[in-house]
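To start, the structure under review is shown below, and the notes come after it.
Both ligands and their constituent atoms are indexed starting at 1 by order of listing. Because only heavy atoms are used, hydrogens play no part in the values below, and waters and symmetry mates are left out as well, while side chains stay in.
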Amino acid sequence: MFGETAELGEVLLTEDEIQSKIREMAKRITEDYRERSLVLVGVLKGAFIMMSDLAREIDLPLEFDFMAVSSYGSATRTSGVVRILKDLDFEISGRHVLLVEDIIDSGLTLKYLLKYLSTRKPASLEVCALLRKTGIQKVPLDVRYEGFEIPPVFVVGYGLDFLQRYRNLPYVAVLRDGVQP
Ligand code: PRP
């Protein structure tokens, strides 16, 4: 139904588990930002699926923007410098901003983006991330809304890809043994 899945192994998070967590996070966000308007900033490409589900569960006036970043090859893994492929379309100064990420791996992308966005002087800047791999963040991060902690394995689905595929799976699965990321 979702295309070829022969490369997939164990399902880590089912569609029901993900959707229930999204509703729970959206409820908290709705309560926390009551009486305020919010700008959701999604980090392409991975966050687009989550952002779409999350946004439709948030009962607030919302605006949307996206950033696209890419690493400078392996240097990113050590330096945390990322290349901005697409910047924000709108000014966020004085706005309440919630950065939406699908996954936090080393944490370096997030650290860079938070530093970059804070220079735009938002009224507030928080993070909503569906997944965080445990034990491998290289930097301390303050993630206000966190969905699931997962083991540090390669996962696909719900926005996450392997060679650009599997983003449309409604669940999160690991790659089958022997399939190399
Ligand atoms: C993923 C994810 C984060 C980043 C996390 O994006 O969406 O942006 O990696 O990694 P880090 O914590 O080690 O910095 P990816 O580079 O795979 O791009 P994509 O979303 O377009 O697939």
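- Of the N and O atoms on the side chains of R56 and S52, at least one donor lies less than 3.5 Å from an acceptor on the other residue.
- Between R132 and E149 there is a salt bridge, since a side-chain N of the basic residue sits under 4.0 Å from a carboxylate O of the acidic one.
- At least one heavy atom of D161 sits less than 4.0 Å from an atom of ligand 1.
- Less than 4.0 angstrom separates some heavy atom of G107 from each of these atoms of ligand 1: 11 (P), 12 (O), 13 (O).
- Within the listing of ligand 1, atoms 12 (O), 14 (O) sit less than 4.0 angstrom from a heavy atom of L108.
- Salt-bridge formation is detected for the pair D32/R144: a Lys NZ or Arg NE/NH1/NH2 atom is positioned less than 4.0 Å from an Asp or Glu carboxylate oxygen.
- Proximity to D102 (heavy-atom distance under 4.0 Å) selects the following atoms of ligand 1: 2 (C), 7 (O).
- Around atom 11 (P) of ligand 1, the closest heavy atom drawn from G46, S106, A129 belongs to S106.
- Residues Y171 and D16 bring no donor and acceptor atom of their side chains to less than 3.5 Å of each other.
- Heavy-atom proximity to I103, at under 4.0 Å, picks out these atoms of ligand 1: 2 (C), 3 (C), 5 (C).
- In the candidate list K45, M50, R132, E101, E101 is nearest to atom 3 (C) of ligand 1, counting heavy atoms.
- In this structure, Q137 has no heavy atom closer than 4.0 Å to ligand 1.
- A salt bridge links K21 with E24: the distance from a Lys NZ or Arg NE/NH1/NH2 to an Asp or Glu carboxylate oxygen falls below 4.0 Å.
- Looking at L160 against ligand 1, nothing comes within 4.0 Å, counting heavy atoms.
- With atom 4 (C) of ligand 1 as the reference point, the heavy atom nearest to it among T109, L131, L141 is part of T109.
- Surrounding CG of N168 are more than 12 heavy atoms belonging to other residues, nucleotides or ligands, all under 6.0 Å away.
- Although no hydrogens or angles enter the test, the distance criterion places no donor-acceptor pair under 3.5 Å between the side chain of R23 and the main chain of I18.
- No side-chain donor-acceptor contact under 3.5 Å links Y33 and D59.
- Neither the backbone nor the side chain of Q164 has any atom closer than 4.0 Å to an atom of ligand 1 (non-hydrogen atoms only).
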